[in-house]
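A short worksheet on the structure shown next.
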Amino acid sequence: MQAAMCWTVAFCVLSIAFFNVEGQFLPSEEIIEQFQQVSCTDLCPLYWYPHNGNCYRFFGVAMSWHEAEALCNMYGGHIASISSSEENTFVYHFISPFERAWIGLNDMYKEGTFVWSDGTDETFTNWAPNQPDNANIGEHCGEFYNNAAPGQWNDLPCNQDRPFMCKLHM
Ligand SMILES: [Ca+2]
Ligand SMILES: [Ca+2]
């Protein structure tokens, strides 16, 4: 995947690097400037990490699920959805140093019916043992659980503060 991304970047660079619209060779400063402005569909915005056609950005500042979702919305994305074991491993790689972090899964609209905030079908789940349990006054937002269940999920009150990963569908 990394190699594919590099080839994509290389193609984008080459498409603008050698000649401008008048057919003149561009000096390196202009190449760099135009590269920063170029829009290639497989490239992610600055500070966003590409993976399997999507872009991801981890935010280490803890906030409520709704605040996190609103921040992701500002960038045109959502709290990361996870649709496969492979994607779960990828996202957890960024999150694991923080131990617990929000995911986009929630059942705030209908108790027990979990949906992803970005509309992804719930085809993959990775709940920790005995979760989701909707404990106490109710838990409606999903998170990566603690290190007792690495990479597995728990439902939690949405007003708790957690770091999170945003995801852009490209
Ligand atoms: Ca619930
Ligand atoms: Ca729970």
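Numbering of ligands and ligand atoms starts at 1, following listing order.
Here the Ca ion (ligand 2) is the vertex; the O atom in Asp155 and the OE1 atom in Glu139 give an angle of 70° (to 10°). Put simply, the angle at the Ca ion (ligand 1) from OD1 in Asp107 to ND1 in His140 is close to 80°, to the nearest 10°.
Using a cut-off of 3.0 Å, one finds that Gln131 contributes an N/O/S atom close to the Ca ion (ligand 2). At a cut-off of 3.0 Å, Asn134 is counted among the residues with an N, O or S atom near the Ca ion (ligand 1).
Note: the hydrophobic cluster containing Val115 does not contain Trp127 (ILVMFWY, side chain heavy atoms under 4.5 Å, direct or indirect links). The hydrophobic cluster containing Leu156 also contains Tyr109, counting ILVMFWY residues as joined when their side-chain heavy atoms lie under 4.5 angstrom apart, directly or transitively.
In Glu111, the N, O or S atom that comes nearest to the Ca ion (ligand 1) is OE1. As for Asp133, its N/O/S atom nearest the Ca ion (ligand 2) is the one called OD1.
Between Asn88 and the choices Asn126, Ile103, Thr125, the side-chain contact (heavy atoms from CB on, under 4.5 Å) rule is met once, by Asn126.
Ring pair Phe98/Phe94: centre-to-centre distance not below 6.0 Å.
Atoms CH2 and OH, on Trp153 and Tyr145 in that order, are 15.5 Å from each other to the nearest 0.5 Å.
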